[in-house]
There are 2 protein chains.
Amino acid sequence: MLSFTEENYLKSIYHLSNGGTQAVLTNALAESMNTKAASVTDMVKKLSTKGMISYEKYYGVKITRVGKTEALMIIRKHRLWETFLVQTLQFNWDEVHEVAEQLEHIQSPLLIEKLDDFLGHPRTDPHGHPIPDKAGKIVEIKQVILSTCALRKKVMVRAVRNGSPSFLQYLSKIGVYIGATLTIVDKVEFDGSLEITIDGKKKVFISRDAAENLMVTE
Amino acid sequence: MLSFTEENYLKSIYHLSNGGTQAVLTNALAESMNTKAASVTDMVKKLSTKGMISYEKYYGVKITRVGKTEALMIIRKHRLWETFLVQTLQFNWDEVHEVAEQLEHIQSPLLIEKLDDFLGHPRTDPHGHPIPDKAGKIVEIKQVILSTCALRKKVMVRAVRNGSPSFLQYLSKIGVYIGATLTIVDKVEFDGSLEITIDGKKKVFISRDAAENLMVTE
DNA sequence: TTTATTTTTTAGACCGATCTAAAAATTGAC
DNA sequence: GTCAATTTTTAGATCGGTCTAAAAAATAAA
């Protein structure tokens with residue numbers, strides 16, 4: 001059984017390692033956990049003895065198969081809860097992350113399966129991220145960053161990379177949502193900002209920063 | 001902000017003090033928290049400095065107005081979550097307590113208000129216990145213990161006092177539920193067991209122990 | 001390839017929640 | 001009212017998660 005804190009470390013390791021494909025360095029983990037490298041070293045030893053990661057001094061950590069499954073279960077819970085909050089309780093998509101950070105630690109396999117049933121087995125959460133299934137299988141939809149798309153090509157918004165409340169609120173404000181159709185009308189050389197149309201109608205400018213945080217498909 | 005543990009202590013104090021009316025002794029609290037008296041003394045000091053209880057050495061603790069409100073909020077959350085689990089996610093009434101013990105600690109006023117809205121502002125939880133409102137007001141329905149009722153009188157099951165899974169499963173098995181109409185057909189002098197009819201049909205024997213854990217109204 | 005810089009680990013401490021063992025206060029018996 | 005039994009508190013230790021400061025290893029620079 002993992003503690004609240006251990007679960008958070010494991011989740012961070014999973015994300016920083018791109019789903020377990022790369023090693024994660026101590027300092028990177030320290031930064032993402034808002035803690036100090038010394039604390040990370042301690043925790044990493046513990047997670048290692050629990051078989052969640054393999055840890056070699058000075059070489060960073062690698063998540064194990066067991067650890068990956070564990071991480072995916074936490075992510076599954078997080079995303080199912082986010083979906084519940086938006087879909088059932090009428091939260092806005094920028095309000096759910098913090099609450100889901102708490103709810104993801106509730107221990108009850110029955111609860112999460114019943115929640116999944118109730119929600120109708122959603123494939124993605126309100127930010128467009130895929131929800132791992134019961135077995136930990138995750139279906140990644142191939143998508144690209146908006147800023148890399150060609151001019152005049154119709155693309156559909158699939159997910160946000162950075163899900164910070166302020167970014168999400170901004171998107172809502174200008175009318176961008178998951179499923180919206182965008183077209184790049186113009187690229188501004190100077191600052192990398194884009195002029196786009198939303199659903200063929202509204203025409204707005206978005207910054208390079210925003211464009212780099214929108215994932216789309218053609 | 002109270003920790004998980006502090007919240008559990010406060011809830012126990014609230015219950016053991018009958019809603020804040022009596023003082024609670026150290027040993028009683030230790031027993032209900034499955035811990036040692038020494039640990040209770042430490043925690044009680046902390047809750048006292050936080051203004052949740054007043055503590056006087058060797059005389060037990062009394063919950064303060066602030067502490068009572070805090071306790072009622074935790075109870076509100078617990079009971080709303082139990083209602084959600086049964087009403088929305090199709091849990092059986094004997095499966096919800098443990099999960100609600102976890103969910104009651106989620107910190108989000110918005111969540112609990114939205115949950116309350118979604119559930120349609122239920123007045124009681126699946127075990128018949130009243131749900132405190134947003135302001136901490138709790139409407140106790142005057143009810144009596146089944147074993148004290150007169151023979152032949154029709155009574156309605158309102159709540160269970162002991163909500164242990166085994167008791168609840170037993171009740172389900174014999175067909176007793178919140179809202180059922182019971183009539184005491186006979187009292188057995190020897191062991192205090194009762195012969196009752198359920199909804200005027202089924203006739204069963206229940207033990208004194210069971211009869212003392214069913215709350216009814218006439 | 002030796003030195004300087006960065007990264008990581010170790011050592012030792014603190015805090016919160018718990019424990020055991022022993023001391024102190026209260027209660028009950030006579 | 002004194003002594004024994006019970007209850008409660010204190011003292012000191014442990015454990016998990018964190019920290020700072022210093023040591024050690026790895027990396028980059030000269």
Side-chain angles (χ1 to χ4, degrees), chain A residues 1-18 22-64 67 70-71 74 101-102 104-107, chain B residues 1-17 22-63 67 70-71 74 101-102 104-107:
Chain A
M1 179 106 307
L2 299 180
S3 74
F4 193 101
T5 310
E6 288 165 341
E7 288 195 345
N8 285 334
Y9 267 89
L10 200 55
K11 193 170 43 126
S12 251
I13 292 167
Y14 177 85
H15 284 131
L16 290 172
S17 68
N18 277 305
Q22 320 159 15
V24 177
L25 268 37
T26 303
N27 266 1
L29 194 44
E31 176 163 6
S32 97
M33 296 297 298
N34 287 311
T35 186
K36 298 299 156 78
S39 310
V40 170
T41 301
D42 288 345
M43 180 55 78
V44 138
K45 283 177 184 169
K46 195 162 26 135
L47 283 172
S48 178
T49 69
K50 293 198 177 184
M52 296 294 138
I53 58 178
S54 63
Y55 162 61
E56 198 156 354
K57 272 189 182 180
Y58 295 100
Y59 288 92
V61 301
K62 259 205 71 186
I63 200 161
T64 63
E70 200 69 36
I74 302 164
E101 285 287 299
Q102 296 180 63
E104 72 188 6
H105 299 293
I106 301 293
Q107 302 289 347
Chain B
M1 181 109 306
L2 299 181
S3 74
F4 193 101
T5 309
E6 288 165 341
E7 289 195 345
N8 285 335
Y9 267 90
L10 199 56
K11 192 170 45 128
S12 251
I13 293 167
Y14 178 84
H15 284 130
L16 291 171
S17 67
Q22 321 158 15
V24 177
L25 268 36
T26 303
N27 267 1
L29 194 45
E31 175 162 6
S32 95
M33 294 298 295
N34 287 311
T35 187
K36 298 299 155 78
S39 310
V40 170
T41 301
D42 287 347
M43 180 55 79
V44 138
K45 283 176 182 170
K46 197 165 22 141
L47 283 173
S48 177
T49 69
K50 292 198 178 186
M52 296 293 138
I53 58 178
S54 63
Y55 162 61
E56 198 156 352
K57 272 190 184 182
Y58 295 99
Y59 287 93
V61 301
K62 260 205 70 185
I63 200 160
E70 200 69 36
I74 302 164
E101 285 286 299
Q102 296 180 61
E104 73 188 6
H105 300 291
I106 301 293
Q107 303 287 349

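Labels below follow one simple rule: chain letters A, B, ... track the order of the sequence lines, proteins then strands, and each chain is numbered from 1.
Note: CD (A:Glu56) to C1' (C:dT7) measures 16 Å, nearest angstrom. When the P atom of C:dT9 is taken as reference, atom CE of A:Met43 falls 14 Å away, rounded to whole Å. Here the C1' atom of nucleotide C:dA13 and the NZ atom of A:Lys36 are 15 Å apart, to the nearest Å. D:dA25 atom C1' lies 14 Å from atom CG of A:Asn27, rounded to whole Å.
Taken to the nearest 0.5 Å, the CG atom of A:Leu10 stands 10.5 Å off from the OG atom of A:Ser3. The distance from atom CD of B:Glu6 to atom CD1 of B:Ile13, rounded to the nearest 0.5 Å, is 10.5 Å.
Annotation for A:Asn8 and A:Glu104: closest pair OD1-OE2, 3.5 Å, computed over non-hydrogen atoms. Scanning both residues, B:Ala71 and B:Tyr14, for their nearest heavy atoms gives CB-CB, 3.7 Å. Minimum heavy-atom separation, B:Glu101 to B:Lys11: OE2-NZ, 3.0 Å. Of all the heavy atoms in B:Gln22 and B:Leu16, the pair that sits closest is OE1-O, 4.3 Å. Smallest separation of non-hydrogen atoms from B:Glu70 and B:Leu2: CG-CD1, 3.5 Å.
Each of A:Asn27, A:Thr35, A:Val24, A:Leu25 was compared with A:Val40 under the side chain to side chain contact (heavy atoms under 4.5 Å, CB included) criterion, and only A:Thr35 meets it.
Taken residue by residue, residues 2-14 of chain B places heavy atoms nearer than 4.0 Å to DNA chain C at B:Ser3, B:Thr5, B:Tyr9.
Among the protein residues, A:Ser39 comes within range of the nucleic acid bases, having at least one heavy atom under 4.0 Å from a base atom.
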Please list, for nucleotides 23-25 of chain C, all pairs of protein and nucleotide N/O atoms separated by less than 3.5 Å.
residue: C:dA25; atom: O4'; partner: B:Tyr58; partner atom: OH; Å: 3.2

Might you list the N or O atoms of the protein lying below 3.5 Å from N or O atoms in nucleotides 10-15 of chain D, with each pair's distance?
residue: D:dT10; atom: OP1; partner: B:Lys57; partner atom: NZ; Å: 2.8
residue: D:dT10; atom: OP2; partner: B:Lys45; partner atom: NZ; Å: 2.6

